[in-house]
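Below: one structure in structure tokens.
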Amino acid sequence: MRNQEKIFVIGHKNPDTDSICSAIAYCDIKNRTSQKQRFVPKRAGQINEETEYVLSRFGVQPPGYLSNIGTQVKDMDIRMSPDADKSMSLKAAWDIMQENSIVSLPIRDKEGALEGLITIGDIAKTYMDTTDSYLLSRARTQYQKIAETIHGEIIEGNPHGYFIKGRVMVGTANPDKMKEYIEEDDMIIMGDREEDHLQAIAQNVSCIIVGLGIQVTENVVKLAHEKDIIIIASPYDTFTIARLINQSIPVRYIMKTDNLVTFNTEDFTDDIQDVMIKHRHRAFPVINKKGKCIGTISRRNFLGMHKKQVVLVDHNEVDQAVDNIEKADILEIIDHHKLGTLQTVQPISFRNQPVGCTGTIMYQIYGEQKLEIPPKIAGLLCAAIISDTLMFRSPTCTLQDKMAAGALALIADISIEQFAKEMFRAGSNLKDKSPEEIFYQDYKKFIAEGDICFGVGQISSMDSEELKEIKARLLPFMVSECGRHGVTRVYFMLTDIMTQSTELLFYGEGSREMAENAFKMEPQDDAFYLEGVVSRKKQLIPPLMEAAQMSGEYA
């Protein structure tokens, strides 16, 4: 069973405005040019205030949150289970399992919720237990199910009644002998002799079964009616009836109900493999988000598992990607950063351009596809360019970015300068945020050769006083964060948009030396003051990487 196939378009963790808006725009492009697939925007982290403002400003819903792109149970070929309820006979259950070539049958209630599980082994075990003559009564077997199992017909009595007391016996001895072993409420399988039938009625049995299509006399039927005794006629002989009759007991009597091992459609396959190995059942019921059992999976389903298909925008680093990206099928990457560490099994479409914003590339793709850009999407992409280039102040900004932003602003009917002020003001409202929220709002992890792992966060603001307050709150937090997730050095950029400068905070063994070598200066008041530095991608990361290399920290 497969849901409608979707392709997720997603940006990096701790998403910024470019990451979110480019994902939305690319889905619009692909859904308008592709007939067979549906593209869905997703986000790999919490949306920041700036992006919230942009989405709200243009009336666009934020993408759904996707924390893990790994395969889930719903990505398997779930085997749909036929309808089966606990009142059906073992024979009916066996027939269903044979017709569908399955070894486990989930038993569900009227709403589809799982009530139990029965396997071929459970039924076989019951068939082998031929010594228990009280099995049918203990299982509270319905007379109608007994008749159906032996292909018989109830010619007297209530078919909806239940056999709840007594044994199943074969009455082939003469009437005098039958008195010795037949007891009240027993069920008797008999031949064609009327005297035997009358003796059974006299001993007040609960049910008489006659084989070979024999018709009982009117006198027997009358007496049975007076004593509420069931009479069932079967075309089978006595031996066949005796062999089949145990198959009439209801499934509920032997189905497993306790400690059932089930999986949810949302469970990740990495989490269920060990459970499958530990229990080694042939099949496991699968429950969907509504609590209904929809089928079963087995270990062999891992062989034909369908990986999630994904398009990555605004990044191509493993550590910046959604969790378990190596378990996904990456179809495309659209980015404007340096080449990263992502690897794919087969060639893909990889578009990487030296521009200031992925949104600029999206603008170009709209033109290449000869698609009209909706005003809302134009507003989103314009906002992304303004954000990533710090309103064209960043050294990453190119002429292509400025031209794209101008054209998009006309479509969206906005003033770039006025809109930029409103957007940056919304994004720099950090007074009510915790140090952790500020630190991870725009944070990226990098790995230099030699396994030097460092993280860099950044906040851009038009208010220098606000940046001073943030510095006092962040310094203690950086101490506690260093060492987590393998990061040994942490940096944080407090970027002043108005003065086009950055105060670089640092912590961790070797972090000061690496920054000193990168920028050829010493820190003041626990920070490096970097005039003209506003871009993490172009002005901070390259010199830090080079400084690590020149210092001989990796081969």
TODO: If a pair satisfies side chain to side chain donor-acceptor pair (under 3.5 Å) and one of its residues is in residues 56-70, list it, with sequence neighbours excluded.
DONE: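 As it turns out, the side chain to side chain donor-acceptor pair (under 3.5 Å) pairs with a partner in residues 56-70, which skip direct neighbours, are Asn68-Asn324.
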Task: Lys471, NZ atom: more than 12 neighbouring heavy atoms under 6.0 Å - done: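 It does: Lys471 NZ has more than 12 such atoms within range.
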TODO: Quick one: do Glu516 and Lys520 satisfy salt bridge (charged side-chain N to carboxylate O under 4.0 Å, His left out)? Show the steps, please.
DONE: CA-CA 5 Å; Glu516 286 178 338; Lys520 311 303 179 188; over 6 Å; no
TODO: Could you check whether the rings of His281 and Phe284 sit parallel, tilted or perpendicular, using 30° and 60° as the cut-offs?
DONE: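 Ring orientation of His281 relative to Phe284: tilted.
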Open item on the list: Keeping Asp109 on the side-chain end and Ala113 on the backbone end, is there a donor-acceptor pair under 3.5 Å?
Closed with: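 Checked: pair present.
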Open item on the list: Within this structure, what is the NE2-NE2 distance for the pair His315 and His12, rounded to the nearest 0.5 Å?
Closed with: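 Spacing of NE2 (His315) from NE2 (His12) equals 7.5 Å.
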Task: Centroid-centroid distance, Phe439 to Phe477, less than 6.0 Å - done: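 Yes, the ring centres sit under 6.0 Å apart.
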Open item on the list: Distance alone, cut at 3.5 Å: any donor-acceptor contact between the side chains of Ser461 and Glu466?
Closed with: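 Judged by distance alone, the side chains do pair up.
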- [ ] Measure the CG-CD distance between Leu342 and Glu317 for me, rounded to the nearest 0.5 Å.
- [x]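 Reported to 0.5 Å precision, the distance equals 7.5 Å.
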Which donor-acceptor pairs under 3.5 Å do side chains of residues 410-421 form with protein atoms, sequence neighbours excluded?
| from | atom 1 | to | atom 2 | distance (Å) |
| --- | --- | --- | --- | --- |
| Gln418 | NE2 | Glu422 | OE2 | 3.1 |

Open item on the list: To the nearest 0.5 Å, what is the distance between OG1 on Thr344 and CD1 on Ile333?
Closed with: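 The OG1 atom of Thr344 sits 7.0 Å away from the CD1 atom of Ile333.
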Open item on the list: Under a plain distance cut-off of 3.5 Å, with no hydrogens placed, do Gln364 and Gln353 share a side-chain donor-acceptor pair?
Closed with: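 Side-chain D/A pair, Gln353 to Gln364: present.
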Task: Under 3.5 Å side-chain donor-acceptor pair for Thr358 and Asp18 - done: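 Short answer, yes.
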Open item on the list: Between Arg299 and Ile277 (side chain of the first, backbone of the second, donor and acceptor by atom type, cut-off under 3.5 Å), is there such a pair?
Closed with: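 Side chain of Arg299 to backbone of Ile277: no pair is present.
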Task: Minimum-distance pair of heavy atoms, taken over all atoms of Ile541 and Lys537 - done: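 Smallest interatomic distance, heavy atoms only, reads CB-O, 4.1 Å.
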- [ ] Give a yes or no answer on whether the side chain of Arg43 reaches the backbone of Pro63 with a donor-acceptor pair at less than 3.5 Å.
- [x]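 It does hold such a pair.
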- [ ] Begin from the C-alpha positions of Tyr363 and Tyr366 and carry the test ring pair (Phe, Tyr, Trp, His ring centres under 6.0 Å) through to its verdict.
- [x] CA-CA 5 Å; Tyr363 170 75; Tyr366 271 107; 8.2 Å; no
TODO: Taking Asn352 for its side chain and Ile334 for its backbone only, find out whether a donor-acceptor pair lies under 3.5 Å.
DONE: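 Between the backbone of Ile334 and the side chain of Asn352 there is no qualifying donor-acceptor contact (under 3.5 Å).
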- [ ] Output all residues satisfying side chain to side chain donor-acceptor pair (under 3.5 Å) with Thr488, sequence neighbours left out; order by chain, then residue number.
- [x]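 So Thr488 forms no side chain to side chain donor-acceptor pair (under 3.5 Å) with any residue.
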Task: Nearest heavy atoms of Asn48 and Pro15, plus distance in Å - done: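 Heavy atoms only, the tightest pair is ND2-O, 3.6 Å.
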Task: Residues which pass side chain to side chain donor-acceptor pair (under 3.5 Å) with Thr398, listed by chain and number, not counting sequence neighbours - done: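 Result, side chain to side chain donor-acceptor pair (under 3.5 Å) vs Thr398: Asp401.
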Task: Residue of the set Asp442, Thr502, Thr495 for which side-chain hydrogen bond (donor to acceptor under 3.5 Å, both in side chains) holds with Arg536 - done: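 The side-chain hydrogen bond (donor to acceptor under 3.5 Å, both in side chains) with Arg536 is passed solely by Asp442 among Asp442, Thr502, Thr495.
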Open item on the list: Using side-chain heavy atoms (C-beta onward) and a distance below 4.5 Å, is Phe446 in contact with Ile452?
Closed with: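 Counting from C-beta outward, Phe446 and Ile452 never come under 4.5 Å.
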Open item on the list: Could you tell me if the side chain of Lys307 sits less than 4.5 Å from the side chain of Lys327, heavy atoms only?
Closed with: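 Not touching, per the 4.5 Å side-chain cut-off.
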Task: With Asp267 via salt bridge (Lys or Arg N to Asp or Glu O under 4.0 Å) - residues at least two apart - done: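 For Asp267, no residue satisfies salt bridge (Lys or Arg N to Asp or Glu O under 4.0 Å) once neighbours in sequence are set aside.
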TODO: Heavy atoms only: give me the nearest Val310-Ala328 pair and the separation to one decimal.
DONE: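 Taking every non-hydrogen atom into account, CG1-CB, 3.9 Å.
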Task: Polar side-chain atom of Ser387 near backbone of Ala383 as donor-acceptor pair, under 3.5 Å - done: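 Not a single qualifying donor-acceptor pair exists.
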Open item on the list: Between Asn301 (side chain only) and Met76 (backbone N and O only), is there a donor and an acceptor less than 3.5 Å apart?
Closed with: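 Looks like no, no N/O pair under 3.5 Å.
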Task: Test item: Thr33 and Leu371 side chains (from C-beta on) under 4.5 Å apart, heavy atoms - done: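 Yes, close enough: below the 4.5 Å cut-off.
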Open item on the list: Checking Arg351 now: which residues fulfil salt bridge (Lys or Arg N to Asp or Glu O under 4.0 Å) with it, not counting sequence neighbours?
Closed with: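 Expected list: Glu368.
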Task: Side-chain touch Asp388/His336, heavy atoms, less than 4.5 angstrom - done: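 Yes, close enough: below the 4.5 Å cut-off.
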Open item on the list: Does any part of the side chain of Ser298, heavy atoms only, come nearer than 4.5 Å to the side chain of Arg282, both counted from C-beta?
Closed with: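 No - every pair of side-chain heavy atoms lies 4.5 Å or more apart.
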Task: Phe39: ring pair (Phe, Tyr, Trp, His ring centres under 6.0 Å) partners, not counting sequence neighbours - done: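 Ring pair (Phe, Tyr, Trp, His ring centres under 6.0 Å) check on Phe39 returns nothing, list empty.
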Task: Non-neighbouring partners of Lys13 that pass salt bridge (Lys or Arg N to Asp or Glu O under 4.0 Å), sequence neighbours left out - done: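 For Lys13, the residues satisfying salt bridge (Lys or Arg N to Asp or Glu O under 4.0 Å) (neighbours in sequence not counted) are Asp323.
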- [ ] Evaluate the side-chain proximity of Ile348 to Glu332: yes if any heavy-atom separation is below 4.5 Å, no if none is.
- [x]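 SC-SC contact between Glu332 and Ile348 ruled out.
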Open item on the list: Whether Asp28 and Arg32 form a salt bridge (side-chain N of Lys/Arg under 4.0 Å from carboxylate O of Asp/Glu) is what I want to check.
Closed with: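 Here Arg32 pairs with Asp28 in a salt bridge, since their nearest N and O are under 4.0 Å apart.
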TODO: Give a yes or no on whether the backbone of Cys21 and the side-chain of Tyr26 come within a donor-acceptor separation of less than 3.5 Å.
DONE: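 No: the side chain of Tyr26 does not pair with the backbone of Cys21.
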Task: Smallest separation among heavy atoms of Ile447 and Met545, with atom names - done: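 That closest heavy-atom pairing would be O-CE, 3.9 Å.
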Let me check something: any side-chain donor-acceptor pairs from residues 521-531 under 3.5 Å, sequence neighbours excluded? List them with distances.
| from | atom 1 | to | atom 2 | distance (Å) |
| --- | --- | --- | --- | --- |
| Tyr529 | OH | Glu503 | OE2 | 3.0 |

Task: Glu50: partners by salt bridge (Lys or Arg N to Asp or Glu O under 4.0 Å), with sequence neighbours left out - done: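 Partners of Glu50 by the salt bridge (Lys or Arg N to Asp or Glu O under 4.0 Å) criterion come out as none, since no residue qualifies.
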Open item on the list: I'd like to check the side chain to side chain donor-acceptor pair (under 3.5 Å) partners of Ser394; sequence neighbours left out, ordered by chain and number.
Closed with: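 Ser394 satisfies side chain to side chain donor-acceptor pair (under 3.5 Å) with Thr396 only.
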Task: Qualifying residues under side chain to side chain donor-acceptor pair (under 3.5 Å), relative to Ser434, sequence neighbours excluded - done: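 Once residues adjacent in sequence are excluded, the partners of Ser434 under the side chain to side chain donor-acceptor pair (under 3.5 Å) criterion are Glu437.
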Open item on the list: If we ignore hydrogens and angles and just use 3.5 Å, is the side chain of Lys538 paired with the main-chain N or O of Pro395 as donor and acceptor?
Closed with: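 The answer is yes, because a donor-acceptor pair under 3.5 Å joins these two groups.
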Open item on the list: Name the residue from Asp270, Asp329, Thr269 that meets the side-chain hydrogen bond (donor to acceptor under 3.5 Å, both in side chains) definition with Thr71.
Closed with: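 Only match with Thr71 under side-chain hydrogen bond (donor to acceptor under 3.5 Å, both in side chains): Thr269.
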Task: Residue pair Pro285 / Thr296: nearest heavy atoms and the distance that separates them - done: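 Nearest heavy atoms, Pro285 then Thr296: CA-CG2, 4.1 Å.
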Open item on the list: Assess the residue pair His306 and Asp75 against the criterion (side chain to side chain donor-acceptor pair (under 3.5 Å)); give the C-alpha distance rounded to whole Å, side-chain angles, the decisive distance to 0.1 Å, and a yes or no.
Closed with: CA-CA 5 Å; His306 304 275; Asp75 299 315; over 6 Å; no
Open item on the list: I'd like to know if Arg108 pairs up with Asp83 as an ion pair, taking the criterion as any Lys NZ or Arg NE/NH1/NH2 lying under 4.0 Å from an Asp or Glu carboxylate oxygen.
Closed with: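 Yes, Arg108 and Asp83 are salt-bridged.
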Open item on the list: Contact between Asp314 and His337 at the side-chain level, heavy atoms closer than 4.5 Å - yes or no?
Closed with: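 In contact.
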Task: Spacing of OG1 belonging to Thr360 relative to CD1 belonging to Ile385, to within rounding of 0.5 Å - done: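 Taking OG1 in Thr360 and CD1 in Ile385, the distance rounds to 3.5 Å.
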TODO: Side-chain contact test, heavy atoms from C-beta onward, threshold under 4.5 Å: evaluate it for Leu117 versus Ile107 and give yes or no.
DONE: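 They are not in contact (no side-chain heavy atoms under 4.5 Å apart), so the answer is no.
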Task: Check: Asn316 side chain, Lys338 main-chain N or O, donor-acceptor pair, under 3.5 Å - done: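 Yes; at least one donor-acceptor contact below 3.5 Å.
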TODO: Report yes or no: does Lys308 contribute a side-chain atom to a donor-acceptor pair with the main-chain N or O of Gly70 at less than 3.5 Å?
DONE: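 At least one qualifying donor-acceptor pair exists.
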- [ ] Specify the closest pair of heavy atoms between Ala518 and Ala547, including all atoms of both residues, with the distance to one decimal.
- [x]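 The pair with the smallest heavy-atom distance is N-CB, 3.6 Å.
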TODO: Working to the nearest 0.5 Å, report the span between CG of Leu540 and CG of Leu504.
DONE: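 Output value for this atom pair is 5.5 Å.
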